[in-house]
Amino acid sequence: MAKTLNLTNNLYEYLLSVSLREPEILFQLREETTRHPRANMQVAPEQGQFLAFLVQLIGAKKILELGVFTGYSSLSIALTLPPDGKIIACDISEEFTSVARRYWQQAGVADKIDLRIAPATDTLEKLLAQGQAETFDFAFIDADKDNYYRYYELALKLIRPGGLIAIDNVLWSGRVTQLDIQDSATTAIRDFNSKLSQDDRIDLSLIAIADGLTLARKRVVDK
């Protein structure tokens, strides 16, 4: 049976060499972030490029991002957005996002990114209260894992029919299969994956890229 390759270091480097088209500003941000104590929170470069590719593919202009860190994914997406495109980016850290702000400014995309420093659930609930349900085209969820399903449910209300939600870290470095590991984040991701597998409101695909990326397309309901 054919299955996804287990990438060796050499094969991974080859993958990057023939597919990664990383602008210099993104490379500089990635290099700076590798020296950060929590560098493991940054998305892989091929994943950032893939997210931007998806945004272009569906013609997305209105984006949600939950979890910014130093801004690699938001910058990847913003660089591909048209002039009237906008990202509402949610994070709780002024410290981490100060790096993101600096690179957004250098790249000339700061006006496309509306950073909200607050718990993401608060921001999403405010957007719903403002009447913005089903007005977003794309969402990327990469924040605290314990709240993944809550973020997903709120994002699903905000995404238009036919829109796309991408969720990071769904393979959780393989810990999802290690049933002796029962910490709250791991069990939350297991439960999240199980619930989405049965959710008939979406079309679903889990991609074995980086730490696992789930794609959930909100189905268009005939009326």
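For this chain, numbers begin at 1 and follow the sequence in order. Values reported hereafter were calculated over all heavy atoms of this structure, with side chains retained and with hydrogens, waters and symmetry mates removed.
Among residue pairs with one or both ends in residues 173-220, those qualifying as ring-ring contact (aromatic ring centres under 6.0 Å, His included) are Tyr148-Phe192, Tyr152-Phe192; sequence neighbours excluded. Residue pairs that meet the salt bridge (Lys or Arg N to Asp or Glu O under 4.0 Å) test with at least one member in residues 156-169, sequence neighbours left out, are Asp137-Arg160. Screening residues 79-102 for ring-ring contact (aromatic ring centres under 6.0 Å, His included), with sequence neighbours left out, gives His36-Phe96, Phe69-Phe96. For residues 171-188, no residue pair satisfies the salt bridge (Lys or Arg N to Asp or Glu O under 4.0 Å) rule, not counting sequence neighbours. Residue pairs meeting the salt bridge (Lys or Arg N to Asp or Glu O under 4.0 Å) criterion with at least one partner in residues 86-110, sequence neighbours excluded, are Glu32-Arg102.
A donor-acceptor contact closer than 3.5 angstrom is absent between the side chains of Thr80 and Gln56.
Looking at Gln49, its side chain does come within 3.5 Å of a backbone N or O of Arg21 through a donor-acceptor pair.
Listed by chain and number, the residues in a side-chain contact (heavy atoms from CB on, under 4.5 Å) with Ile207 are Ser205, Ile209, Leu215 (sequence neighbours excluded). When the salt bridge (charged side-chain N to carboxylate O under 4.0 Å, His left out) test is applied to Arg219, the partners found at least two apart in sequence or on another chain are Asp203. For the salt bridge (charged side-chain N to carboxylate O under 4.0 Å, His left out) test, residues two or more places apart in sequence or in another chain that qualify with Lys145 are Asp142. With sequence neighbours left out, Glu13 forms a salt bridge (charged side-chain N to carboxylate O under 4.0 Å, His left out) with no residue at all. Taking Thr177 as the reference, nothing meets the side-chain contact (heavy atoms from CB on, under 4.5 Å) condition, with sequence neighbours excluded. Residues forming a side-chain contact (heavy atoms from CB on, under 4.5 Å) with Leu206 (at least two apart in sequence, or on another chain): Val170, Leu171, Thr214. With sequence neighbours left out, Lys61 forms a salt bridge (charged side-chain N to carboxylate O under 4.0 Å, His left out) with Asp84.
Looking only at side-chain heavy atoms (C-beta outward), Tyr12 and Glu46 come within less than 4.5 Å of each other.
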